[in-house]
2 protein chains.
Amino acid sequence: MATIKEVAKKANVSVSVVSKSFNNYKDVKEETRQRIFAVAKELDYSPNINAKNLSSKKRMTIGLISSGVLNDNVKDSNAFDIFKGVYRAVADSRFDLSINLIDSKRQTQQSYVQYCRERNIGGAILQGIRTDDQYYKELIDTSLPCVVLDIMNESDNGMIGSVSIDNAKAAREIAGYLLQRNHRDIVVIAGTPETYVNKERIKGVEEALQSCGLELEGLTVLEADFSEEQAYLLAKKYLQEQQPTAFLCFSDLMAIGVMKAVKEAGLKIPEDISVTGFDDLVFCSYTEPALTTIRQDFIEIGKNAAQLLQAIKENNAVKQHIWIEHQLMERDSVKTLAN
Amino acid sequence: MATIKEVAKKANVSVSVVSKSFNNYKDVKEETRQRIFAVAKELDYSPNINAKNLSSKKRMTIGLISSGVLNDNVKDSNAFDIFKGVYRAVADSRFDLSINLIDSKRQTQQSYVQYCRERNIGGAILQGIRTDDQYYKELIDTSLPCVVLDIMNESDNGMIGSVSIDNAKAAREIAGYLLQRNHRDIVVIAGTPETYVNKERIKGVEEALQSCGLELEGLTVLEADFSEEQAYLLAKKYLQEQQPTAFLCFSDLMAIGVMKAVKEAGLKIPEDISVTGFDDLVFCSYTEPALTTIRQDFIEIGKNAAQLLQAIKENNAVKQHIWIEHQLMERDSVKTLAN
DNA sequence: CTGTTAGCGCCTTCAC
DNA sequence: GTGAAGGCGCTAACAG
């Protein structure tokens, strides 16, 4: 592998000129630059990233800290879509960024901050991380630029941004959708209560109820920790005693679990019971019946996260939080009830 | 961020001792080592990876070159599963590897080799790459350790390994499954003919036919380029003229396309026509009817690829090709015909 | 515009 | 066992 030195030598210039040429400095004569490029090509030279990172203090690597890399739920590929979005944004930018995926479960020996510093990672995107994560707080307090997904950051640290859909609004919409179709006996299959996303969605559902003049007391909320299995078990148990007209689930995975329980109880969807999801994972259009749900555009989320991160790093972030549009996907799992 | 110097100073030793301590050299007194570690912890020190890579010529980063990062097919998450497998294998190893994802479509300006050299990438795993890829050949000729997926490498370069299921065998199995159920008018929806995977699967189907004493001439093969849309169009057109008893598809995505065409033709699956897939993507169990297919364990594939790559790098690879077990997933899309 | 030079943080002989 | 010193390849002042 040719080094900058060899290029310089062969082109009869000093290394600094070569360096400048490659870094688009303008104080290099065009002619010289061309000559250098020619030689570089001939020698098959390309700058060594390690050396580059070492000497220039610029940090151009971004880390993607995610809980979705090692989890066993093959159905959950949000992390990958987010990844795709980040990748695209980065590929389209003028930066030469590389992406480091870190699994939150694996990363227990060492704090994220430490990991990032070691690797000269200049900014991180956090996905599927909980605010009570042992290292989350540490990261937030650092001056490392971060973008968190599905978390609303409350600190006044200017280096922290966030991206998410408007969960309250989305929940309001899907609850409203059910209410409009005359569902009054709705059971909410919620996720993990401490979670920002969960709180927002609960809020949205409540708002929808209120705007229909309904009492909140009547609302049954079952907490299934965003787990398919948990949702299945809870729904199964619930169905032994009561039969609501609809299950409003805070994730598609949980909706799948619920559907299984409903079917096992000998009930039909949507004839006997309606079910809705949240996320719009790929398989939602293939379930029987196809699941009505809220679509989150994870690719878009990832893309925006990467762009926001760059903006933060360059100190020109306009908004600290970016809302991504969601979409109600109307399919076949909800029945309109007689008034 | 503390540097090795500061640690050395505070521990009253020279930097080299610190370096050695961290790199498990044995010529450091245990007592000193402990003292150094204590100081390091106190100073929150951890070695800088860039500097490390720069000075030691060891290459511990592996690259994952994939066609699946930027493609728009959200249904196709094989790449992610492979990625997961690689990640796990790497996380379990004693190496500190980081993963670089490279999209083959994006990577047009620069050869893989060059990309890897720049980043000090010591080995690469190629996924979804075609042997006629402009940079593939170059890579194979290099001394960069590589593991290719779904390609059978013919060169005698000892640095190249490969991992895949036994495609011929799998195809034989699923074709046999159909034949056993008395299907005789089978249309194969194949992928891209130049592809290793495709050739093997064709071979497998032919072998199955032969072992039943059937003529190969009767076999209809439609090439749909592994595309859902193409498969849909071809099946649609074919159904206007003829009606086979079964479509044997070389990918689930194509099977989905075929199923759509069949349904649109007013035919029922599996009553009128049976359909089989290949891959077992997540949504296969949710289709209506659930798709009978060949399951590829992509996570396992990724894991083995990473392990093989390490073995190659350490010069102790036993086999150059690793076969991963596949599995016939029997679901509801095939009907047993009357004899 | 171009060259010189001092690091960046760490590893690795080679002396002591 | 430990320390000194020379690089790894590149960037960024600072001179010229």
Side-chain angles (χ1 to χ4, degrees), chain A residues 1-37 39-40 43-61 95-96 98 114-122, chain B residues 1-37 39-40 43-61 95-96 98 114-122:
Chain A
M1 189 68 194
T3 71
I4 199 172
K5 249 183 186 162
E6 307 176 41
V7 176
K9 198 176 193 179
K10 189 148 190 176
N12 279 319
V13 288
S14 73
V15 287
S16 63
V17 183
V18 178
S19 173
K20 283 177 180 174
S21 299
F22 271 90
N23 291 292
N24 294 320
Y25 278 58
K26 43 191 179 176
D27 56 349
V28 178
K29 205 199 292 176
E30 189 53 30
E31 191 195 314
T32 335
R33 182 197 302 277
Q34 290 308 328
R35 182 157 41 92
I36 289 173
F37 281 161
V39 173
L43 259 43
D44 196 20
Y45 162 81
S46 48
N48 176 313
I49 287 227
N50 287 309
K52 210 166 169 167
N53 281 338
L54 185 58
S55 66
S56 81
K57 302 276 62 180
K58 284 177 197 154
R59 321 201 147 190
M60 285 306 187
T61 302
F95 295 103
D96 175 53
S98 82
Q114 210 176 350
Y115 180 94
C116 290
R117 280 195 310 206
E118 263 186 33
R119 277 146 230 268
N120 241 266
I121 288 174
Chain B
M1 189 66 195
T3 72
I4 198 173
K5 249 184 186 164
E6 309 176 40
V7 176
K9 197 179 197 177
K10 189 147 188 175
N12 278 318
V13 289
S14 72
V15 288
S16 62
V17 183
V18 178
S19 172
K20 284 176 181 173
S21 299
F22 271 90
N23 292 292
N24 295 320
Y25 277 58
K26 42 191 180 177
D27 57 348
V28 178
K29 205 197 292 176
E30 188 54 29
E31 189 195 316
T32 333
R33 181 197 303 279
Q34 290 308 329
R35 182 157 40 93
I36 289 174
F37 282 162
V39 173
L43 259 43
D44 197 19
Y45 162 82
S46 47
N48 175 311
I49 286 226
N50 286 309
K52 208 165 171 170
N53 281 339
L54 184 58
S55 64
S56 82
K57 303 274 62 180
K58 286 176 195 154
R59 322 204 144 186
M60 285 307 188
T61 302
F95 295 103
D96 176 52
S98 82
Q114 211 177 348
Y115 180 94
C116 290
R117 280 196 310 206
E118 265 186 30
R119 279 145 228 267
N120 241 266
I121 288 174

[N] [atom2] sits how many Å from [X] [atom1], rounded?
X     : N      : atom1 : atom2 : result
A:I4  : C:dT2  : CD1   : C1'   : 14 Å
A:E31 : C:dT2  : CD    : C1'   : 13 Å
A:L43 : D:dG9  : CG    : P     : 13 Å
B:K52 : C:dC11 : NZ    : P     : 5 Å
A:N48 : D:dG9  : CG    : P     : 7 Å
B:N53 : C:dC10 : CG    : P     : 12 Å
B:Q34 : D:dT2  : CD    : P     : 13 Å
A:N50 : C:dC8  : CG    : C1'   : 12 Å

For [N], take OP1 and OP2 only and decide whether either is under 4.0 Å from a side-chain N or O of [X].
X     : N      : answer
A:N23 : D:dT11 : yes
A:Y25 : C:dT2  : no
A:S55 : C:dC8  : no

B:R117 to B:Y115, cation-pi by 6.0 Å centre distance and 45° axis angle | no

Classify the side chain of [X] and the base of [N] as holding, or not holding, a donor-acceptor pair under 3.5 Å.
X     : N      : result
B:K20 : D:dG3  : yes
B:S16 : D:dG3  : yes
B:S56 : C:dT12 : no

So, B:E6 and B:K9, do they make that salt bridge, N to O below 4.0 Å?
-> no

5' priority, DNA chain C, between A:V15 and A:E30 [closest heavy atom] = A:E30

Give a yes or no answer on whether the side chain of A:T32 reaches the backbone of A:V28 with a donor-acceptor pair at less than 3.5 Å.
-> no

Side chain B:R119, main chain A:I49, donor-acceptor under 3.5 Å | no

Which residue, B:T32 or B:L54, contacts DNA chain D at a nucleotide closer to its 5' end, judged by nearest heavy atom?
-> B:T32

Please work out if B:V13 contacts a base, only the sugar-phosphate, or nothing of the nucleic acid, heavy-atom cut-off 4.0 Å.
-> sugar-phosphate

With sugar-phosphate meaning primed atoms plus P, OP1 and OP2, does A:D27 contact a base, only sugar-phosphate, or nothing at under 4.0 Å between heavy atoms?
-> base

Hey, would you say the A:Y45 and A:F22 ring centroids sit under 6.0 Å apart?
-> yes

